[in-house]
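In the text below, chain A, chain B and the rest are named by the order of the sequence lines, each starting its count at 1.
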Amino acid sequence: MSDNSNHESSNFIRNIIKDDVKNKKNKSLVHTRFPPEPNGYLHIGHAKSICLNFGIADDFKGGLCNLRFDDTNPAKEDPEYTDSIQQDVKWLGFDWSDRLFYASDYFEQLFEFAKQMITNGKAYVDHLNADEIRDHRGTLTEPGKDSPYRDRSIEENLSLFERMRAGDFEEGECILRAKIDMSSPNINMRDPAIYRIKKAAHHRTGNNWCIYPMYDYTHCISDALEGITHSLCTLEFEDHRPLYDWFLDQLPVTCHPQQIEFARLNLNYTITSKRKLNELVVDGSVSGWDDPRMPTIVGMRRRGYTPESIRDFCSRIGITKNDTTIDVGVLENCVREDLGGRAPRVMGVLNPLKIVIDNYPEDKSEQLDIPNHPNDPTMGERKVPFSKIIYIEKDDFMEEPSKKFFRLAPGKEVRLRYAYYIICNKVVKDDSDNILELHCSYDPDSKGGDSPDGRKVKGTLHWVSAEHAFKTEVRLYDRLFDDPKPDSNKHENGWKDFLNSDSIKVVKNAFLEPSLKSANKEDFFQFERIGYFCVDSKDSDVGKPIFNRTVSLRDSWAKKQK
RNA sequence: UGGGGUGUAGCCAAGCUGGUUAAGGCACAGGGUUUUGAUCCCUGCAUUCCCAGGUUCGAGUCCUGGCACCCCAGCCA
């Protein structure tokens, strides 16, 4: 199996950690965490973070990585997501062992810490409403103003905060805020909210709470409580770092993790925004979070991407603070490379053209022994039936070929892969000039695809015996968007205008070699000369697999045609 | 116009405390092998590191000054 994930190239975060280990910081321990909010499905951008966090833990002796759900907003979170996230991380090949945590596990502790902050004069209950708070916050260039409630006594704050917990106030009536500095040039430091009232049931704590802690307050404490050494997050949290450090400095925690930020993943022709992906699901643009066109982990899995290929991708793109956009071609190349080495080869005709081999006996058929992989004999062979009537791909025939076309044409000889040489003698058409079938003759001496006289044929075509063909549905997927930046452009009607109308083409009756009838869900193959396909995990039945195209083969001929 | 970041090829990205011909991958272009126009294998692809000055025997790496782009004004994360 190909797997480069253990041979990460250096990046600035690894370098920092390497130094920390060398300098015996944190007793030379490395402990990271992957902290998703369970409010949606994981996507390729999360894979980058997962590979970074778990990858680093794997690379350093004794390193650990926790899985922690950042579940502080009951309005948006759901067990559907905690389940899928765990499956996805596992499927990607990572293991959090017994270290599965929830921020909600810390609610009681978080509450106690908040009371301590009040006691220390570092937090207060503010009765300004949301609009007033915004007005008091100031702007990017102007300082904010203190709330009139900022100097309430410790006793009053304590009692008010207890009453918030007890449910004495309505949502929006008041919040607990940190008392820092309303004139800080960093807006995050202008007395940020710590607790807000939300009378909503939480997926784990039920109705135990009607106040919920905010991210900035919860995250750093959760990290500290778990003994995290390096807290890796994306760039937009960079100016939250002073707050992260401030909270930990106020509290009696013995661990103070180092937050390090890196750039999130952007892919061209792709959208990675939970909100927008959700919109596609809700409005029916795709069939669900696991639609094979989605950049979600479940979607990519169903499309035929392997964990190995995704990990390889993540290691190739690197980790920096540069705001960059990766070419999806890199991703596609990663699956091709992985599957190229280990996908069994098979033959299937998607767009059939009938061929009658005139000199092949009427009722004869034979079982040819065909290797499952041209470059890897250990993958064995299979039997593929051959007979008088076969199908080839329509594109593989041209009545009036250009000089560079070396597939089948009238009077031309080609090889049927692993079978025989055939030569085209006659083109049969209907009244409106459509080609109905081709009549060819074969060379019995060329069995297997070689002729004893050593004559060369340039073209080799895949084929399927008509009477033996297994007919099933094949789906040809393409990019979901046809614009490289569907996200950023201010197109009149928004990003959905860039949805690619050809992102799925369904071939209802593809003609596949019969061995494919017994393929199982998630099995992958290379359909020779076409691309990589996998058995759809949802819509397939035993004996009736349906195939999804993961990615096409590189096609320099098609490229030349343009 | 406040604060925080980033600028190395078409797209990513190494480049440790300044030292030699500026890694590697993707893409692209040529050539070879080939029973997949696939794979594989060669070869080419930044006199130059956002720009301008400066320090130095020597700068992508240090200094100064510009410029460009990204993020921040949720009781979201």
Side-chain angles (χ1 to χ4, degrees), chain A residues 9-11 15 18-19 35-37 39 70-73 75-77 126 128-130 133-134 137-144 171-177 184-190 192-198 211-212 214-216 218-219 233-242 261 263 268 274 315-334 336-337 340-341 345 347 371 373-375 404-407 414-419 421 446 448-450 456-462 526-531 552-560:
Chain A
S9 60
S10 77
N11 62 54
N15 291 342
K18 222 177 283 172
D19 280 350
E37 182 189 14
N39 67 345
D70 231 325
D71 55 348
T72 55
N73 187 353
K76 293 186 175 175
E77 296 152 11
D126 194 350
L128 252 27
N129 65 38
I133 286 190
R134 193 182 325 112
R137 188 152 32 226
T139 68
L140 296 177
T141 52
E142 304 158 46
E171 286 187 19
E173 216 179 321
C174 55
I175 59 169
L176 183 72
R177 301 178 76 177
S184 171
N186 181 345
I187 292 185
N188 296 300
M189 301 299 273
R190 321 241 257 233
I194 302 178
Y195 270 91
R196 78 288 214 190
I197 296 166
K198 263 188 196 293
I211 57 172
Y212 292 92
M214 301 290 292
Y215 165 84
D216 286 305
T218 308
H219 199 85
C233 64
T234 41
L235 248 29
E236 65 271 27
F237 293 104
E238 211 153 18
D239 31 60
H240 291 236
R241 192 182 342 125
E261 310 83 13
N268 59 13
K274 277 190 198 171
S315 77
R316 284 190 203 203
I317 58 177
I319 300 289
T320 66
K321 302 182 77 151
N322 302 343
D323 181 22
T324 58
T325 301
I326 311 286
D327 191 331
V328 264
V330 179
L331 221 204
E332 294 169 348
N333 182 67
C334 288
R336 281 199 190 98
E337 199 169 290
R345 311 288 129 119
M347 291 192 287
H373 192 117
N375 310 323
K404 288 285 181 94
F405 185 83
F406 51 76
R407 275 112 97 145
V414 297
R415 170 170 37 236
L416 293 175
R417 175 142 244 232
Y418 298 123
Y421 288 4
S446 64
D450 276 311
K456 297 287 183 215
V457 294
K458 182 80 172 141
T460 300
L461 313 184
H462 60 279
Q526 185 199 94
F527 288 12
E528 293 215 42
R529 305 210 308 133
I530 302 178
S552 63
L553 247 38
R554 262 202 207 87
D555 190 347
S556 55
W557 168 245
K559 214 176 277 173
K560 256 179 220 166

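Between C75(B) and A13(B), the two P atoms lie 33 Å apart (nearest whole Å). When the C1' atom is used for both C51(B) and C69(B), the distance is 15 Å, rounded to whole Å. Taking atom C1' in both A9(B) and C45(B), one finds a spacing of 8 Å when rounded to whole Å. To the nearest whole angstrom, the two C1' atoms, one in C57(B) and one in G18(B), are 12 Å apart. The gap from the P atom of C12(B) to that of G53(B) amounts to 28 Å, rounded to the nearest Å. Separation of the C1' atoms belonging to U47(B) and U64(B) is 26 Å when rounded to the nearest angstrom. For the P atom pair drawn from A77(B) and G66(B), the interatomic distance equals 39 Å after rounding to whole Å. As rounded to the nearest Å, C50(B) and G5(B) have C1' atoms that lie 16 Å from one another.
E238(A) comes within 4.0 angstrom of sugar-phosphate atoms only, judged by non-hydrogen atoms across all strands, and of no base. Nucleic acid contact class of L553(A) (heavy atoms, under 4.0 Å, all strands): base. Heavy atoms of F405(A) sit under 4.0 angstrom from at least one base atom. Nucleic acid contact class of T218(A) (heavy atoms, under 4.0 Å, all strands): none. Within 4.0 Å (heavy atoms only), P143(A) reaches no atom of the nucleic acid at all. In this structure, Y212(A) reaches neither bases nor backbone, as no heavy-atom distance under 4.0 Å exists between it and the strands shown. Heavy atoms of Q526(A) sit under 4.0 angstrom from at least one base atom.
The base of U36(B) is paired with the side chain of R345(A) by a donor and an acceptor separated by under 3.5 Å.
You'll find the side chain of N268(A) reaches within 4.5 Å of the side chain of V328(A), heavy atoms only. Put simply, the side chain of N333(A) reaches to within 4.5 Å of the side chain of R316(A), judged on heavy atoms.
Here the side chain of N322(A) pairs no donor or acceptor atom with the backbone of T324(A) at under 3.5 angstrom. The backbone N or O of G531(A) sits nowhere less than 3.5 Å from a side-chain atom of R336(A) that would complete a donor-acceptor pair. Side-chain atoms of R196(A) never come within 3.5 Å of backbone atoms of G172(A) as a donor-acceptor pair (strictly under, hydrogens ignored).
For Y418(A), there are no ring-ring contact (aromatic ring centres under 6.0 Å, His included) partners at least two apart in sequence or on another chain. Residues meeting the side-chain contact (heavy atoms from CB on, under 4.5 Å) test with T460(A), sequence neighbours left out: R415(A), R417(A). A search for side-chain contact (heavy atoms from CB on, under 4.5 Å) contacts involving N186(A) returns S184(A), N188(A), M189(A), D239(A), P242(A), not counting sequence neighbours. Residues passing the side-chain contact (heavy atoms from CB on, under 4.5 Å) test with K76(A) are E37(A), N39(A), N73(A), sequence neighbours excluded. Applying the salt bridge (charged side-chain N to carboxylate O under 4.0 Å, His left out) criterion to E171(A), with sequence neighbours excluded, gives no partner residue. By the ring-ring contact (aromatic ring centres under 6.0 Å, His included) test, F237(A) is found to be paired with Y215(A), H240(A), residues two or more places apart in sequence or in another chain being considered. With sequence neighbours left out, the side-chain hydrogen bond (donor to acceptor under 3.5 Å, both in side chains) criterion links E236(A) to T234(A), R264(A).
For the pair K456(A) NZ and U33(B) C1', the interatomic distance rounds to 12 Å; values are reported in whole Å. Summarising the geometry, the separation between CZ on R190(A) and P on G4(B) is reported as 13 Å, rounded to the nearest angstrom. Atom CD in E332(A) sits about 15 Å away from atom C1' in C12(B), given to the nearest Å. The CG atom of N375(A) sits 13 Å away from the P atom of U34(B) (whole-angstrom rounding). In this structure, M189(A) places its CE atom 13 Å from C1' of G4(B), rounding to the nearest Å.
Closest to the R529(A) side chain, of the nucleotides U36(B), C26(B), U8(B), is U36(B). Of the candidate nucleotides C70(B), G15(B), G37(B), G37(B) has the atom nearest to the side chain of D555(A). For N322(A), counting side-chain heavy atoms from C-beta on, the closest listed nucleotide (U8(B), A38(B), U39(B)) is U8(B).
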Check the interface with nucleotides 29-32 of chain B: list each N/O to N/O pair with the protein under 3.5 Å, or write none.
none

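Across the strands present, C62(B) finds its partner in G54(B); the criterion is a Watson-Crick or G-U wobble pair with both atom distances under 3.5 angstrom. Across all strands shown, nothing is found opposite A77(B) as a Watson-Crick or G-U wobble partner with both distances under 3.5 Å. Using the Watson-Crick or G-U wobble rule with both distances under 3.5 Å, A38(B) pairs with nothing in any strand shown.
OP1 or OP2 of G15(B) has at least one side-chain nitrogen or oxygen of N15(A) nearer than 4.0 Å. Distances shown here put a side-chain N or O of R554(A) below 4.0 Å from the OP1 or OP2 atom of A27(B). Note on S10(A): a side-chain N or O is less than 4.0 Å away from OP1 or OP2 of G15(B).
Toward the 5′ end of RNA chain B lies the nearest nucleotide of T320(A), the other residue of the pair F406(A) and T320(A) mapping further downstream. Toward the 5' end of RNA chain B, the nearer of the two residues R241(A) and G449(A), judged by each one's closest nucleotide, is R241(A).
By the rule that a glycosidic angle within 90° of 0 means syn, G60(B) does not qualify and counts as anti.
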Return a single string for nucleotides 71-77 of chain B, one symbol per nucleotide in 5' to 3' order, where B is base contact, S is sugar-phosphate-only contact and - is none, cutoff 4.0 angstrom on heavy atoms. BBBSBSB
